[in-house]
Amino acid sequence: MAYDYDDDNIFAKILRGDIPSEPVAETEHTLVFRDIRPQAPVHLLVIPKGKYVAYDDFAANASAEEIVDFHRTFAKVCAEAGVSPGAGGAGFRTIGNAGPDAIQEVPHFHFHILGGRPLGPLLAG
Ligand code: 5GP
């Protein structure tokens with residue numbers, strides 16, 4: 001897999017502290033913060049601190065420690081945000097965009113967590 005990582009992408013700048021974010025969780029390998037243009041009452045972005053462009057890049061190339069930390073943090077923030085059906089929440093949707101067909105705006109791997117309202121059909125277009 002041949003991905004080139006752009007060190008000047010917005011999330012790289014957030015990780016460096018060059019621009020502010022609203023963090024909700026942080027671990028050694030993972031950061032979670034609020035999306036600046038929320039599409040639902042809960043709209044979180046879960047990102048690895050490592051330099052991965054998209055989910056397939058992360059899944060193929062991240063260490064086992066990074067991968068476990070990312071997913072455990074994902075589960076923790078779903079529960080804390082009150083959207084986990086396993087913890088009494090009404091549910092959430094995860095979106096992971098990769099590349100132009102998915103209209104990936106920021107080329108640093110991230111999962112969106114959307115919830116807090118009925119989210120409608122999976123795809124609109
Ligand atoms: P993508 O289309 O790459 O899956 O989604 C990128 C997301 O990052 C968008 O939902 C957008 O609103 C969000 N975003 C873009 N710039 C910033 C920023 O500077 N801060 C935060 N918190 N979110 C951002």
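Every number for a ligand or one of its atoms is a count from 1 in the order of the listing. Any value given below was found using the heavy atoms of this structure, including those in side chains, with hydrogens, waters and symmetry copies removed. Quick caveat: nothing in here was measured; it's all calculated off a predicted structure. Residues: numbered from 1 along the sequence shown.
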Expected output: side-chain Lys49 to main-chain Thr27 donor-acceptor under 3.5 Å
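Yes; at least one donor-acceptor contact below 3.5 Å.
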
**Study point:** N/O donor-acceptor pair under 3.5 Å between Asp69 side chain and Glu65 backbone
**Key:**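 No.
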
#### Entry: Polar side chain donor-acceptor pair, Tyr5 to His108, under 3.5 angstrom
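Tyr5 vs His108: donor-acceptor pair found between side chains.
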
(Q) Is a donor from one side chain sitting under 3.5 angstrom from an acceptor on the other, for Tyr3 and Asn61? (A)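 Absent: no donor and acceptor within the cut-off.
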
_Pairing residues for Glu105 by the salt bridge (Lys or Arg N to Asp or Glu O under 4.0 Å) criterion, not counting sequence neighbours_ =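 Arg37.
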
Exercise for the section: Enumerate the protein residues lying less than 4.0 Å from ligand 1, judged by heavy-atom distances, in chain and residue-number order. Expected result: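 If the criterion is a heavy atom under 4.0 Å, then ligand 1 touches Ile10, Phe11, Ile14, Ile19, Phe33, Arg34, Asp35, Ile36, Arg37, Leu45, Asn97, Ile103, Gln104, Glu105, Val106, His110, His112.
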
query = Do the ring centers of Phe109 and Phe11 come within less than 6.0 Å of each other?
reply =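 They do not qualify: ring centres at least 6.0 Å apart.
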
